[in-house]
Amino acid sequence: MEYDFRKIEQDWQKQWKERKAYKVSNDPAKPKYYVLDMFPYPSGAGLHVGHPLGYIASDIYSRYKRLKGFNVLHPMGFDSFGLPAEQYALETGQHPAETTKINIATFKAQLDKIGFSYDWDREVWTSDPAYYKWTQWLFLQLFNSYFCNTQKKARPISDLVNKYASKGAKDFTAEQWNAFSKKEQEEILMKRRLAFSSFGEVNWCEALGTVLANDEVVNGVSERGGHPVVKKKMRQWYLRITSYADRLLEGLEILDFSDSMKEMQKNWIGRSEGAEMKFKVHGSEFDVEVYTTRPDTIFGVDFLVLAPEHELVSKITSIEQKQAIDEYLSYVKSRSDRERMAEVKQISGCFTGAYALNPFDGKQIPIWIAEYVLAGYGTGAIMAVPCGDQRDFLFAKHFNIPITNIIGSYYNGEEANPTKDAILENSGFLNGLLMKDAIAVANNKIEELGIGKRKVNYRMRDAGFSRQRYWGEPFPIVWKDGIAIPLDEKDLPLELPHVDKYGPGPDGEGPLANLTDWVNVDLSASTNQDLSPSSSQDLTANSNQDLTLNPSPKERGTEQHSGYGYVTSTAEEWKHTIEFAKQNRKDPTAEEEMMWQELRNRNIDGYKFRRQHPVEGYIPDFVCLEKKLIIEIDGAYHTEEEQKIFDSAREKWLNEYGYTMIRFSNTEIKNSLPNVLKKITEELSKDTDAEKGTGSHSPLLWKGAGGEVKRETSTMPGYAGSSWYFLRYMDPHNDKTFCDRKVSDYWNQVDVYIGGTEHAVGHLLYSRMWTKVMYDLGLIGFDEPFKKLVNQGMIQGSSRFVYRVVVLHIGSDEPEIIFLSHNLYIKWQNKELDNQFLLSKIIELDPHIVSSENFEQEEFMINPIHVDVNIVDGVELNIDAFRNWKPEYKEAVFICEDGTLNAPLSFGEGLGVRSNDAKYICGVETEKMSKSKYNTVNPDDLVLKYGADTFRMYEMFLGPVEASKPWDTKGIEGVHRFLRKLWRLFNDEIKGPVWTSSAPSPLERAGGEVTDAELKVLHRTIKRIEEDTERFSFNTAVSTFMICVNELADIKCHKKEILQNVLILLTPYAPHIAAELWHQLGNEGSVLDAMFPAFDAKYLVETSKEYPVSINGKLRTNLVMELNASQEEAEKLVLANEVVQKWLEGKQPKKIIYVKGKMLNVVI
RNA sequence: GCCCAGAUGGCGGAAUUGGUAGACGCAACAGACUCAAAAUCUGUCGUUCGCAAGGAUGUGCAGGUUCGAUUCCUGUUCUGGGCACCA
């Protein structure tokens, strides 16, 4: 009987499905074990052999745990929101929901063929509304929580509100709090929420009108189209992960993650201890605050460096340096942080013309700006100590800044020395101190003088949580009066509306912004009638403050508000504003009217202006929204001192939102209108909207500021759904809560989590943070999601090449398509093979070609071309398959390894294969697996050809799970042979089963009593398989199985008592064949639930051993003796040994080392 | 640039606390069976000297510790991975 794996696998898969063999119940009576894979993103390309590696490993482990008696949760689902589906939709117009569905179906079909033990009843998709309802709900928990710095944990924001209302805070009293407008209160609360909204920089591409991900930006231009990309500030959502920095760091210590993984996370969090310190700017009111980890070097500071984006840059730059600084800023603008970090060696910077004063000795220190200082870290400014920091050193050298040496001979003038072991010199009160000790002394002094304080900094920043994209979870947030209001829980899920176009919305918003009907929330339709933040209902928001609202020049009042002059924020105020705007339009001054006629009629440079159009709570005279240019005409109303203050406050406010303001006097309008228009044109041509300033127009605040209720149009990023999915598997169908607490208490942490290293800092950190928040809020009972993490390595592609010979300027019309075999190509490259050889081959192919006179002068080029790895057997090309591969290769001619030609029959006789040795050998290179390199291998093909069991075992046999390795299909035969050999222990391929249930007794069936030798093989195998499986060493486990089967075959063991135990061991690895043979043996129950055989050491006990005997550490011979021989006995035997005697040459050994059970070493 | 991991035959890899380097498999070679092929089985298989017995040498490179180092230490070269809008 043959091993018909196709039938066997189909039958068993069908049976398991029908019997729900993988159904998992939440059974608290049994011990639990949770094995989880990182769920895949269902890409359109389907699976290649690299994907299942981790899945097979986890499947083996969970099946193994099941045999060990655990209730094993081993689910699978899909991370089905994401950019590729949206990109595909943009290109093809197909809705992501549709393509996602199709892709998932393909994935599942492919996975099922491999025979995984998933309970598909627990499948989750992140893009399923029933799932993302709870993603949105959890987002709201984050939104409604803050991080309590005393308790170091998340608490409901209502606690904070109560505290503010009763006790106030550092910056305000309870009375002040209660007097704040609702908007002011909300702004303060927003600064504490764990999910919060704020302005942040994004990669903005003007040409595409959209925000781009970092990897969509290459060298400052968009990956698609190559359009310029700049940094732009936009309102974004964030998670306050920085609050959890310390806990995320501490948590690592108890986790069973690889060191490199922990290191990556530590590095990412990037905790550093240091001090913040203020330097006075000479002759100005400003201070530069720097962050340093080395306050001990304070007397070595030779200059300060600000990040180019630092807010002080414009304020302290001297008139002489202004142009240089502006030029430098525009150079910096288009470069991303990553580029800036990548090109550290390129030194650039610019002197601001300003000087700071060293707080200790009053020394004047030049202030520079340079891109090596990043705005986002520390204070965005550093004190540069060239003798101690290499970057500062190079900078100083490059710009000829004198260097102060404070470390004596430790500094050699050639490079900086970051030592902490030097005794300080030239360092005022720190002189004579060891640097290490001086740090604390300096810190104390800084704090004592009140010029700074100790400060812990983190490289990690708060996690950007919004994307201006379509295919993600919509935020359960609406905006009203500039306040973010969460939807009520009963309005969840907020379903992603259907769109027809996937292009960006206006002003850099996502595609959802195009859906006007969806964005504008109809209040009457909402169940959340009052639309107030649910957790701050006890807010005694004082929104009816007696503010004079008119922001127009004419009736501007005198009260200040928010420190900016007037801000229109409440609906009530907004109504007034709009009324005023209308009024103003009807009642323009003569100058305004003149200006309007020009602006409207001229339509300057194609830009459209509006007059009396409300912007950010103000009504400017004229505004070009596209360019964010505001034109104000100073009328008779702007003479008073107070008005001037308001004007500047207003300008400041508007600048923060990215607006530029130019002012003209009425006289200018009347007398020199052409000049005015020229100025406007200049202003318009200056720089684009996007390149402008650090502030920016905020579409969201803007849209929601008008009293209307507008939906948030951003969507959540990919990691939103994946941050908590491991909990949903536990209780996937619960529509009352995200996961019942009882259920999560039972399944608890994921015991083993398997996935790639690419998620080391993204998904894993976010997921850990969410878990901690959920724990703090009492939603779950553990604060780390994954107990143990196993990283599967990448499987690389193994590319194959053919070498095409190209003859330049050949006389013939149609050049022949000729390929040169690999080793000949190498010889040709090394000039060991000349063109004459190639020539002779071409002449052999087509004698007529000789007529071409200049032929001997022709030049040759040989191009390596990727060839489909699937039509290459090892390195030998399947020539016929190649000719059929692509139409242009139909008539391909090969110069084979032995130099003979292989041409298609149509070329005439004598040009076919000349000998058996005429093989075409391909070149090999290891590269990333990708379609374009024709090196992908589809698991389906392999399963079809060899079966799922072979495929599973072969993937494991390739090498350690954690290691990256190239795929090579060739070796799969060996594993397949092993399974067939196993099969033959049970079945004679001709005579049929070795063992049949009709035979009278087990002993007769298989030839007698079980022998010690057989038991020894079995128990050694049990021991090794158990150990190897436990430590995820699946490759050695497979080899153990091979050894076991080889040995059983050698001793001709066909006994049920032995073999059925082997089958149980094998079940996790090759479930189908194990089930089939288990069944053939006449066993009743399922092998899936068999009991893992117990290892008994007594079968492995040995009494004697063949000890290796070394002389001076070099192995010379072996010696059989009692395993537990004493030192004396051993020495006696060793000295009596012939070989040892020979090496001793009559001398006495200096020493005889005897390690019991290991070896013997004679030292001469 | 910074951080991390790795380097063992023709190839994938094994060697679990320092103790017989190369398990297991692929490829290759020789042989058996066969008209032949496939399948299967047997043997050889790091390099090198030698008819052999047996030696020398060998885990990226250069050193060190040790009776003994793939394993520990120092330096060095190379390769792979990561460095926040990625599946």
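Labels below follow one simple rule: chain letters A, B, ... track the order of the sequence lines, proteins then strands, and each chain is numbered from 1. Because the structure is predicted, anything quoted here is derived from the model rather than measured.
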Please classify the nucleic acid contact of [X] as base, sugar-phosphate, or nothing, using heavy-atom distances under 4.0 Å.
| X | answer |
| --- | --- |
| A:Trp967 | nothing |
| A:Met261 | nothing |
| A:Pro42 | nothing |
| A:Lys266 | nothing |
| A:Asn103 | nothing |
| A:Asp968 | nothing |
| A:Glu973 | nothing |

If the [atom1] atom of [N] is compared with that of [M], how far apart are they to the nearest Å?
| N | M | atom1 | result |
| --- | --- | --- | --- |
| B:A84 | B:C3 | P | 16 Å |
| B:G19 | B:G10 | C1' | 30 Å |
| B:U40 | B:C33 | C1' | 9 Å |
| B:A69 | B:U76 | P | 24 Å |
| B:A21 | B:G60 | P | 16 Å |
| B:A38 | B:C86 | C1' | 48 Å |
| B:G25 | B:C78 | C1' | 28 Å |
| B:G54 | B:A39 | C1' | 41 Å |

Shortest non-hydrogen pair, A:Phe465 vs A:Phe475, comes out as O-CZ, 3.3 Å

Step by step, work out the salt bridge (Lys or Arg N to Asp or Glu O under 4.0 Å) result for A:Asp968 and A:Lys970. CA-CA 5 Å; A:Asp968 179 12; A:Lys970 196 83 190 174; over 6 Å; no

Establish, from distance only, whether the side-chain atoms of [X] and [Y] form a donor-acceptor pair under 3.5 Å.
| X | Y | result |
| --- | --- | --- |
| A:Ser258 | A:Glu962 | no |
| A:Gln87 | A:Tyr502 | no |
| A:Asn457 | A:Ser272 | no |
| A:Arg467 | A:Ser714 | no |

Please report, rounded to the nearest Å, how far the [atom2] atom of [N] is from the [atom1] atom of [X].
| X | N | atom1 | atom2 | answer |
| --- | --- | --- | --- | --- |
| A:Trp237 | B:A84 | CH2 | P | 25 Å |
| A:Tyr244 | B:A84 | OH | P | 24 Å |
| A:Lys965 | B:G80 | NZ | C1' | 14 Å |
| A:Glu1138 | B:A53 | CD | P | 16 Å |
| A:Asp462 | B:A84 | CG | P | 16 Å |
| A:Leu252 | B:C4 | CG | C1' | 14 Å |
| A:Tyr41 | B:C86 | OH | C1' | 10 Å |
| A:Glu263 | B:G6 | CD | C1' | 16 Å |

Tell me, do A:Thr1029 and A:Tyr1069 make a side-chain contact under 4.5 Å, heavy atoms counted? yes

Does the side chain of A:Lys1023 come within less than 4.5 Å of A:Glu1027's, by heavy atoms? yes

Looking at [N], which nucleotide sits across from it as a Watson-Crick or G-U wobble partner, both distances under 3.5 angstrom, or is there none?
| N | result |
| --- | --- |
| B:C83 | B:G1 |
| B:U57 | B:G46 |
| B:U20 | none |
| B:A62 | B:U74 |
| B:A27 | none |

Polar-atom pairs under 3.5 Å, protein N or O versus N or O of nucleotides 66-69 of chain B: list them with distances, or write none.
residue: B:C67; atom: O2'; partner: A:Asn1161; partner atom: ND2; Å: 3.3
residue: B:C67; atom: O2; partner: A:Asn1161; partner atom: ND2; Å: 2.5

Any chance the rings of [X] and [Y] have centres within less than 6.0 Å?
| X | Y | result |
| --- | --- | --- |
| A:Tyr946 | A:Phe5 | no |
| A:Trp237 | A:Phe139 | yes |
| A:Tyr719 | A:His763 | no |

Ring-face cation contact, A:Phe196 with A:Arg240, 6.0 Å cut, 45° max: yes

Taking side chain to side chain contact (heavy atoms under 4.5 Å, CB included) as the criterion, tell me which of A:Leu252, A:Val790, A:Asn791 meets it with A:Met261. A:Asn791

Measuring from the side chain of [X] (C-beta onward, heavy atoms only), which nucleotide among [options] has the closest atom?
| X | options | result |
| --- | --- | --- |
| A:Lys1114 | B:C3, B:U57, B:G19 | B:U57 |
| A:Glu1027 | B:U16, B:A23, B:C3 | B:U16 |
| A:Pro960 | B:G82, B:G13, B:C3 | B:G13 |
| A:Tyr766 | B:A84, B:G25, B:G12 | B:A84 |
| A:Asn267 | B:A21, B:G12, B:C3 | B:C3 |
| A:Pro1108 | B:A84, B:U16, B:U20 | B:U20 |
| A:Thr1036 | B:G12, B:U16, B:A14 | B:A14 |
| A:Lys1158 | B:U16, B:A23, B:U17 | B:U17 |

When you check every protein heavy atom under 4.0 Å of nucleotides 40-48 of chain B, what one-letter string (B, S, -) results, 5' to 3'? SS-------

Quick one: is [N] close enough that its OP1 or OP2 comes under 4.0 Å of any side-chain N or O from [X]?
| X | N | answer |
| --- | --- | --- |
| A:Arg1116 | B:A56 | yes |
| A:Trp471 | B:C86 | no |
| A:Asn1035 | B:A14 | yes |

By nearest nucleotide on RNA chain B, pick out whichever of A:Asn1046 and A:Ser1110 is the more 5' one. A:Ser1110

Base orientation of B:G9, syn vs anti, 90° cut from 0: syn

Tell me which pairs pass side-chain hydrogen bond (donor to acceptor under 3.5 Å, both in side chains) where either residue lies in residues 1151-1164 of chain A, with sequence neighbours left out. none

